[in-house]
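Data block below; observations after.
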Amino acid sequence: TGAIFNLGVCNESGDGVPQDKARAFKLYQQAAELGDMDAVVNLAICYQKGDGIAQNNAEAFRLYQQAADWSQTSAMFSLCVCNEKGYGVPRDTIKAIKWYQQAAHLGDTDAMFDLGVCYEKGDGVPQDKKKGIQLYQQAAVLGNAQAINNLAGCHRREDGVPQDKKKYIELLQQAAS
């Protein structure tokens, strides 16, 4: 299944072959039928964007759900966004937060960052700046540039952490590199 999936990626991007998103879609479909969860996620992305197939957010959501059930963290993160924005399903902040928490628990740094924003602002959860900063720190340790940048801003504003201009500049340089 890996070779079929990789051929799909090559066809989608035009890497070594002429770009052909319809062919990429068919290859992802074939790999997904063989149980490749990365292919299921890429199929969902194709449906969400309308790449190689007519756009269908409901089908994208269904496929993200299928991959998330197999602990595919990028699918969980996509479910967060679908629930938060109402792509393919009615908007549901509570479900979005649940998926952010699950994906963050499994190490998805984008989910850690977004969940940190939710806690910092009190969006969908009770406001808890300390918890938001902890999530930024977890994601920052794993290299998430957005989390590093937000953590820098907290040090600049003395927002939940002591004001520290030196730390602010260090974090900005780290995020920029």
Side-chain angles (χ1 to χ4, degrees), residues 1-118 124 135-151 174-177:
T1 65
I4 298 167
F5 172 78
N6 288 334
L7 277 172
V9 171
C10 290
N11 275 270
E12 183 178 10
S13 65
D15 185 10
V17 296
Q19 187 177 40
D20 185 343
K21 294 190 178 199
R23 174 101 174 107
F25 176 84
K26 288 177 184 173
L27 288 163
Y28 292 146
Q29 200 169 35
Q30 188 179 353
E33 288 169 2
L34 295 171
D36 187 318
M37 287 301 120
D38 290 330
V40 172
V41 170
N42 281 24
L43 267 180
I45 293 168
C46 290
Y47 275 112
Q48 192 168 16
K49 291 181 176 181
D51 282 348
I53 191 78
Q55 186 177 22
N56 184 334
N57 283 329
E59 182 62 9
F61 182 85
R62 186 190 73 74
L63 289 165
Y64 287 137
Q65 181 71 59
Q66 179 184 342
D69 289 344
W70 284 89
S71 300
Q72 222 291 350
T73 58
S74 66
M76 291 177 186
F77 182 77
S78 294
L79 286 173
C80 301
V81 175
C82 290
N83 279 288
E84 187 174 30
K85 306 286 186 193
Y87 299 147
V89 292
R91 290 186 69 193
D92 189 334
T93 306
I94 293 169
K95 283 185 183 173
I97 295 296
K98 173 194 152 232
W99 284 114
Y100 279 133
Q101 289 169 333
Q102 233 177 316
H105 177 72
L106 292 173
D108 187 287
T109 63
D110 290 327
M112 289 175 198
F113 168 74
D114 282 359
L115 190 57
V117 171
C118 291
L135 286 159
Y136 291 155
Q137 289 170 331
Q138 288 175 347
V141 165
L142 296 171
N144 185 291
Q146 289 179 295
I148 296 166
N149 186 60
N150 276 29
L151 198 53
Q174 184 182 349
S177 62

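Only a predicted model underlies this, so the values are computations on that prediction, with no experimental measurement involved.
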Please examine the side chains of [Y] and [X], heavy atoms only from C-beta on, and report whether any two atoms are closer than 4.5 Å.
X      : Y      : answer
Tyr64  : Met76  : no
Asn83  : Val89  : yes
Asn144 : Tyr136 : no
Gln19  : Lys21  : yes
Val141 : Gln137 : no
Met37  : Gln66  : yes
Cys46  : Gln29  : no
Thr93  : Glu84  : no

_Can you confirm if the aromatic rings of Tyr87 and Phe61 lie within a centre distance of less than 6.0 Å?_
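Aromatic pair excluded; centres sit 6.0 Å or further apart.
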Let me confirm one number: the [atom1]-[atom2] distance from [X] to [Y], rounded to the nearest 0.5 Å.
X      : Y      : atom1 : atom2 : result
Leu79  : Thr73  : CG    : OG1   : 11.5 Å
Asn6   : Asp15  : CG    : CG    : 10.0 Å
Ser13  : Asp20  : OG    : CG    : 11.5 Å
Tyr100 : Ile97  : OH    : CD1   : 7.0 Å
Leu135 : Thr109 : CG    : OG1   : 11.5 Å
Asp108 : Leu142 : CG    : CG    : 10.0 Å

Before giving the answer on side chain to side chain contact (heavy atoms under 4.5 Å, CB included), spell out for Asp114 and Phe77 the whole-Å C-alpha distance, their side-chain angles and the decisive distance to 0.1 Å. CA-CA 10 Å; Asp114 282 359; Phe77 182 77; 3.3 Å; yes
What's the shortest heavy-atom distance between [X] and [Y], and which atoms?
X      : Y      : answer
Ala111 : Ala103 : CB-CB, 3.6 Å
Ala31  : Ala39  : CB-CB, 3.6 Å
Val17  : Cys10  : CG2-O, 3.6 Å
Ile148 : Gly143 : CD1-C, 4.3 Å
Ala44  : Ala60  : O-CB, 3.3 Å

Derivation and outcome, ring pair (Phe, Tyr, Trp, His ring centres under 6.0 Å), residues Tyr47 and Phe25
CA-CA 9 Å; Tyr47 275 112; Phe25 176 84; 5.3 Å; yes
Modelled atom types, side-chain donor and acceptor of Gln146 and Asn150, under 3.5 Å: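 On atom types as modelled, these side chains do not qualify, holding no pair under 3.5 Å.
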Side-chain donor-acceptor contact under 3.5 Å, Asp38 with Gln72: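 Yes, Gln72 and Asp38 have a side-chain donor paired with an acceptor closer than 3.5 Å.
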| For Cys80 and Gln102, what are the C-alpha separation, side-chain angles and deciding distance, and is it a side chain to side chain contact (heavy atoms under 4.5 Å, CB included)? | CA-CA 10 Å; Cys80 301; Gln102 233 177 316; over 6 Å; no
(request) Answer yes or no: does atom NZ of Lys98 have more than 12 heavy-atom neighbours from other residues, nucleotides or ligands under 6.0 Å? (result)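 More than 12 within 6.0 Å, yes.
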Q | Residues Glu12, Asn42; criterion side chain to side chain contact (heavy atoms under 4.5 Å, CB included); working and verdict | A | CA-CA 10 Å; Glu12 183 178 10; Asn42 281 24; 4.1 Å; yes
Applying side chain to side chain donor-acceptor pair (under 3.5 Å) to Arg62 and not counting sequence neighbours gives Glu59
Residue list, side chain to side chain donor-acceptor pair (under 3.5 Å) with Asn11, at least two apart or on another chain
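Testing Asn11 for side chain to side chain donor-acceptor pair (under 3.5 Å), a comparison that skips the adjacent residues, returns none.
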Query raised in the report: Within the side chain of Asp36, is there an N or O that forms a donor-acceptor pair under 3.5 Å with the backbone of Ala32?
Result: no
*Checking side chain to side chain contact (heavy atoms under 4.5 Å, CB included) for the pair Gln138/Phe113: CA distance, chi angles, key distance, verdict?*
CA-CA 9 Å; Gln138 288 175 347; Phe113 168 74; over 6 Å; no
